[in-house]
Amino acid sequence: MADRRIVVDPVTRIEGHLRVQAVLGNGGKVITDSQSTGTMWRGLEVILKGRDPRDAWAFVERICGVCTGIHALAAVRSVEDAIGIKIPKNANIIRNLMNATLYTHDHIVHFYQLSALDWVDVVSSLSADPREVSELQKKISPHHPLSSPGYFRDVQNRLKKFVASGQLGIFANGYWGHPAMKLPPAVNLLAVTHYLEALDFQREIIKIHTILGGKNPHPNYLVGGVACPINMHDTGAAGNMINEVTMNYMRDIAKQSVEFVQNVYLPDIKAIASFYPEWFKYGGGLVKKNVLCYGDFPEIANDWSEKSLQMPAGAIVDGDLAHVQEVDLRDLTQIQEFVDHSWYKYPEGKLGLHPWEGVTDQAFELPEGSVGTKTKFEWLGEKGKYSWIKSPRWKGHMMEVGPLARLIMSVAKDVKHFKEPALDLLKELNLPLEAVYSTLGRHAARALECNWTAHKMVQYVDDLIANIKSGDEVAANMEFWEPKTWPKECRGVGFCEAPRGALGHWCVIKNTRIENWQAIVPTTWNASPRSPEGQQSAFETSLIGTPVADPERPLEIIRTIHSFDPCLACATHVLDPQGHELCNVRVR
């Protein structure tokens, strides 16, 4: 039987536009090659040129509508690094609190709203016995208050009304009844119920961003600190501010976050993992197990050392955990971006460019071997340019970033607050460390990380209360606010560990204006096209070796790609080797 071609374009339940191509070999049953294509060009780097650096955060924050404020944080850090601005202690605590809130919210949304329905059969839940679901809930999460048979029966009845009306509402599209769906009806109903609970919880947790940043998504940031006023002697009637009322309110939300993660998210991850053990073998990502982390959550303001960063930094190549290499984001030879397979062009003679020297100049063309037209391609060849995503490399290596990378880095560097819960979970599931290099490994790493950030939310609220009680109400350093105080020329880098992985913003400032701005986002690392030498990215390699039960409903592709939580933005085409469409499948 000849190889088959599958195209998922666009991949949905993500931010942005992503196309994935896969070749099915071995009689059309196993993925033997794959290719990921970013099909949207934003051009924010071009938009920023010539603007005031103090405004950059408000523009780059719009890179993403899901991870909201993380780009703003990287942007203000970049400008502060360039100019030499030190932020106050309160600003550091508040930024950490906003970041921890983003992490907790983002990870919960990713699991339930963006990926859970890859594993959960909504229609199957209609046949569940609510009493059995109640007993299951009490067994895996005895402290969760919503666990009565009547509660689950009410949820089930709501779903049945959707079905009876011919409309499943938010569950209208999915691979219900797919042979790769393995959860029994009771587990499906439990998971669907938690999906709805997660929707409700989102409304609560983002209120921390509205208090500290004025709104969500895209809360306000400020070069030199934070924009929220601190006034412990005011009721806040004139607007949001930090006072005793809002402090207590934020602490209550933080405690609710801990309860939700421990009573809902973590138990669900364990329950689903027990029915899909093979998915700790599929979706491993880079064959060489290369991972990259920048580090984040500085406990000490303006201190980027290991003793301050709660998330570790480093690079691991070839899975060698005994040798963690240092990462220097200022070294022009360490991080470079290539465009051999990207729809951009560099000046003649330039191959890889460090972000400070980066060029964003579009050059769209269809690669050799493509089928279709420039506006409607059916199959993109790999020999040439095939993506709007550049190809970043660390010392020439493809790298994976994200929760899995951070977990591996924490094990390698003996960061106990990440390492010990990970090893405990692996022991509970009777799995070796090697199992984290997988589709479900990424989900488990993200859930464990979410538990940590939820607890950090509580800590940061307490830290802020303690620091303000000591008499410190300073939230920003305005010493270098005026452009006349800046160097004539300067450059900086702002880095974060975004929920999806290592994020960097590099800026060049000349005569008080942005001369150049380049961002390498986590999905640029994970979803990039091939390197000049033919190395494939984490997205492309993660699919290879995965069996596909039904090529016309390629659920397995969606499961693994969603495990990365892509940040890019619904039809799937299945084609034969000659590029003729065999069927058209809508994917939600």
Exercise. Is there side-chain contact between Ile31 and Leu24, with at least one heavy-atom pair below 4.5 Å?
Worked result: yes

Exercise. For Glu326, does the CD atom have more than 12 heavy-atom neighbours from other residues, nucleotides or ligands under 6.0 Å away?
Worked result: no

Exercise. Less than 4.5 Å apart, any side-chain heavy atom of Ser34 and any of Val23?
Worked result: no

Problem set entry | Test log, rule salt bridge (charged side-chain N to carboxylate O under 4.0 Å, His left out), inputs Asp81 and Arg491 | CA-CA 8 Å; Asp81 179 59; Arg491 61 187 186 181; over 6 Å; no

Problem set entry | Within the 6.0 Å centroid threshold, strictly below: His443 and His110 | yes

Problem set entry | Ser36 side chain to Ala527 backbone, donor-acceptor under 3.5 Å | yes

For this session: Check the pair Gln518, Thr360 against side-chain hydrogen bond (donor to acceptor under 3.5 Å, both in side chains), reporting the backbone distance first and the verdict last.
Result: CA-CA 8 Å; Gln518 296 288 323; Thr360 305; 3.1 Å; yes

Problem set entry | Aromatic Trp379 / basic Arg5 pairing, under 6.0 angstrom, 45° off normal | yes

Problem set entry | Aromatic ring proximity, centroids under 6.0 angstrom, Tyr103 and His107 | yes

Exercise. How are the rings of Tyr175 and His178 set relative to one another: parallel (under 30°), tilted (30 to 60°) or perpendicular (over 60°)?
Worked result: tilted

Exercise. Between the side chain of Trp506 and the main-chain N/O of Ile520, is any donor-acceptor distance below 3.5 Å?
Worked result: no

Problem set entry | Over 12 foreign heavy atoms within 6.0 Å of NZ, Lys29 | no

Exercise. Any cation-pi pair here, Lys374 with Phe364, using under 6.0 Å and within 45°?
Worked result: no

For this session: Determine whether the aromatic ring centres of Tyr344 and Trp388 lie less than 6.0 Å apart.
Result: yes

Exercise. Is Arg406 salt-bridged to Asp296, going by a charged N under 4.0 Å from an acidic O?
Worked result: no

Exercise. Of all residues at least two apart in sequence or in a different chain, which pass the salt bridge (charged side-chain N to carboxylate O under 4.0 Å, His left out) check with Glu382?
Worked result: Arg530

Exercise. Any side-chain heavy-atom pair from Trp394 and Trp525 closer than 4.5 angstrom?
Worked result: yes

For this session: Answer yes or no for Arg442 and Phe564: cation-pi contact, defined as NZ/CZ to six-membered ring centre under 6.0 Å and angle to ring axis within 45°.
Result: yes

Exercise. Does the ring of Tyr437 carry Lys289 above it, NZ/CZ under 6.0 angstrom from centre and within 45° of its axis?
Worked result: yes

Exercise. Would you call Asp565 and Arg500 a salt bridge, using N to O less than 4.0 angstrom?
Worked result: yes

Please list, one pair per line, the donor and acceptor atoms closer than 3.5 Å that link side chains of residues 313-322 to other protein atoms, with sequence neighbours excluded.
| from | atom 1 | to | atom 2 | distance (Å) |
| --- | --- | --- | --- | --- |
| Asp320 | OD1 | Ala322 | N | 3.2 |
| Asp320 | OD1 | His323 | ND1 | 3.3 |
| Asp320 | OD2 | His323 | ND1 | 2.8 |

Exercise. Any side-chain heavy-atom pair from Trp343 and Gln362 closer than 4.5 angstrom?
Worked result: no

Exercise. Is the NZ atom of Lys383 crowded by more than 12 outside heavy atoms at less than 6.0 Å?
Worked result: no

